[in-house]
Amino acid sequence: CENMAFKPVNNSNLYVEVVNSIITAIATGELKAGEKIKEQQIADEMNISRAPIREAIRDLAAQGIVEYAPKKGATVATLNEKSIRETYSLRALLEGMAVHLAIENITDEEIKKMEDSSKEMTEKLKEKDVEAFIEKDVEFHNFICEKCNHSKLQKLIKTFVIQTRLFMIMSKYNMLINSSLSKEYGVHDKIIEKIKAKDKEGAEKEMRNHITTSGEVLINYLLERKEI
C-alpha cells in the first residue's frame, strides 16, 4: 500500500471505490500475494472511515481474492491455475446460458447501442485507455446478465463479479505492457452478430469461446511471470 496506491474518493458509493482500488492494486502488483492489507493506511490515503474497507475485505475474502484470519487481518491470496480455470469455465457456462436467454429480450435499439459500444471499446484500446475499456467490457457482460431475466442465474453470475474485474485488469494491463491490446479489438463483435441474427445457440457458443479464450490469455500471462 506504499506510495499512495489508494487515492482520495468523491464517489458516494465508497464500498465500490474501495473494492476497485484494492483489486487494481493487486492486479498491477502494488499489492502482492501474501502481503497484508493495511486497513488504516487505506483509510488514511482514501480519506474515508474503515467501515467500507472492512465490508470490501469481507466480499474479497468470500471470492477468494484475499484471505482473512482473526487477529492477523487480511492478506492478498495466492492465485493458482486450477482456481482460475474453474472460475472461467463456470463463467463460460453461466454467461453462455445468459446470452441464450437474453436474445429474445434485447431490442434492435439495444443492439445498436451494443454495436456503438463495441466501436468505442476499440477506440479506447487504441488510446491505451485500459480503465475505460474495462468499464465498457463490464457493462456489456452486466447488460447480458440483466436481460436474461433469470434471477437465480443472475445471482450465480454475480458471485464472480469481483474476481472477473480483477482478472480483466490483470489481463488488459499485461496486454498494454506487451503492446498486444489490438488482440481485443472488436472482442464482442461475434457475440453481437449472433444476437442480431437471433441465433441463440450461436450466441451461446461465441460467449463461451470469448470467456474461455480470455481465461487462457490470463493463465498464460501468469505462468510466464511465474505467478501461478
Side-chain angles (χ1 to χ4, degrees), residues 1-95 130-131 134 138 141-142 145 152 154-174 211 214-228:
C1 304
E2 296 175 0
N3 301 323
M4 286 292 285
F6 300 90
K7 311 297 183 189
V9 297
N10 299 313
N11 195 317
S12 59
N13 195 338
L14 296 177
Y15 161 79
V16 171
E17 291 287 351
V18 173
V19 167
N20 288 342
S21 294
I22 292 174
I23 63 175
T24 298
I26 294 170
T28 56
E30 291 177 63
L31 279 173
K32 294 179 171 55
E35 188 172 343
K36 185 177 175 62
I37 297 173
K38 300 170 184 175
E39 289 183 20
Q40 190 58 58
Q41 186 172 342
I42 295 171
D44 292 342
E45 291 185 8
M46 296 185 77
N47 196 25
I48 59 175
S49 73
R50 292 172 70 168
I53 299 168
R54 291 192 186 111
E55 183 186 357
I57 286 171
R58 278 198 301 270
D59 284 355
L60 289 164
Q63 295 202 25
I65 295 167
V66 304
E67 294 171 346
Y68 186 84
K71 296 183 181 179
K72 290 186 178 180
T75 56
V76 179
T78 302
L79 292 171
N80 69 80
E81 184 178 349
K82 182 174 183 291
S83 176
I84 295 170
R85 285 193 186 281
E86 287 176 350
T87 296
Y88 275 93
S89 63
L90 193 49
R91 271 193 64 213
L93 286 170
L94 296 174
E95 295 196 41
V130 172
E131 287 184 22
I134 289 169
V138 170
H141 288 275
N142 286 348
C145 181
K152 286 184 170 58
Q154 289 166 337
K155 191 172 182 180
L156 284 169
I157 290 170
K158 285 174 183 174
T159 61
F160 295 103
V161 69
I162 301 175
Q163 266 190 345
T164 298
R165 182 178 281 269
L166 170 64
F167 293 159
M168 278 182 181
I169 297 169
M170 283 183 165
S171 186
K172 300 308 176 284
Y173 272 99
N174 161 52
I211 292 172
S214 296
E216 289 302 321
V217 167
L218 175 64
I219 287 166
N220 289 337
Y221 161 61
L222 293 173
L223 286 170
E224 284 172 13
R225 289 172 59 92
K226 296 181 170 57
E227 291 187 22
I228 55 174

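Hydrogens, waters and symmetry mates are skipped; everything else that's a heavy atom, side chains included, is used.
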Write down the atom of [X], the atom of [Y], and the distance for their closest heavy-atom approach.
{"X": "Thr75", "Y": "Lys36", "value": "CG2-CA, 3.9 Å"}
{"X": "Thr28", "Y": "Thr24", "value": "OG1-O, 2.7 Å"}
{"X": "Ile211", "Y": "Ala92", "value": "CG2-N, 3.8 Å"}
{"X": "Ala77", "Y": "Ala33", "value": "O-CB, 4.1 Å"}
{"X": "Ile84", "Y": "Leu222", "value": "CD1-CD1, 3.5 Å"}
{"X": "Val18", "Y": "Ala56", "value": "CG1-CB, 3.6 Å"}

Report the distance from atom [atom1] of [X] to atom [atom2] of [Y], rounding to the nearest 0.5 Å.
{"X": "Gln63", "Y": "Gln163", "atom1": "CD", "atom2": "CD", "answer": "5.5 Å"}
{"X": "Glu17", "Y": "Ile48", "atom1": "CD", "atom2": "CD1", "answer": "9.0 Å"}
{"X": "Glu67", "Y": "Leu60", "atom1": "CD", "atom2": "CG", "answer": "12.0 Å"}
{"X": "Asp59", "Y": "Thr159", "atom1": "CG", "atom2": "OG1", "answer": "11.5 Å"}
{"X": "Ile23", "Y": "Arg165", "atom1": "CD1", "atom2": "CZ", "answer": "5.5 Å"}
{"X": "Arg91", "Y": "Ser89", "atom1": "CZ", "atom2": "OG", "answer": "11.0 Å"}

* Intermediate values then yes/no, side chain to side chain contact (heavy atoms under 4.5 Å, CB included), Glu224 and Asn174 -> CA-CA 11 Å; Glu224 284 172 13; Asn174 161 52; 5.6 Å; no

* **More than 12 heavy atoms of other groups within 6.0 Å of Glu131 CD** =>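 No, because the 6.0 Å sphere around CD of Glu131 holds 12 heavy atoms or fewer from other groups.
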
Side-chain touch [X]/[Y], heavy atoms, less than 4.5 angstrom:
{"X": "Leu223", "Y": "Ile219", "answer": "yes"}
{"X": "Lys152", "Y": "Lys155", "answer": "no"}
{"X": "Tyr221", "Y": "Ser171", "answer": "no"}
{"X": "Met168", "Y": "Thr164", "answer": "yes"}
{"X": "Phe160", "Y": "Leu94", "answer": "yes"}

* To do: Would you check if the side chain of Lys32 reaches a backbone N or O of Gly29 as a donor-acceptor pair within less than 3.5 Å?
  =>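 Judged by distance alone, yes, a pair lies under 3.5 Å.
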
* **Backbone of Glu216 reached by a side-chain donor or acceptor of Asn220 within 3.5 Å** =>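 Answer holds: yes.
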
* To do: Would you check, one step at a time, whether the test side chain to side chain donor-acceptor pair (under 3.5 Å) holds for Gln40 with Asp44?
  => CA-CA 6 Å; Gln40 190 58 58; Asp44 292 342; 2.9 Å; yes

* **Passing option when Lys172 is tested against Val217, Ile134, Leu218 for side chain to side chain contact (heavy atoms under 4.5 Å, CB included)** =>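 Considering Val217, Ile134, Leu218, a side chain to side chain contact (heavy atoms under 4.5 Å, CB included) with Lys172 is found only for Ile134.
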
* To do: Run the numbers on Ile157 and Val161 for side chain to side chain contact (heavy atoms under 4.5 Å, CB included), then give the verdict.
  => CA-CA 7 Å; Ile157 290 170; Val161 69; over 6 Å; no

* Asked: Can you list the steps and then say if Arg58 with Glu55 is a side chain to side chain contact (heavy atoms under 4.5 Å, CB included)?
  -> CA-CA 5 Å; Arg58 278 198 301 270; Glu55 183 186 357; 3.8 Å; yes

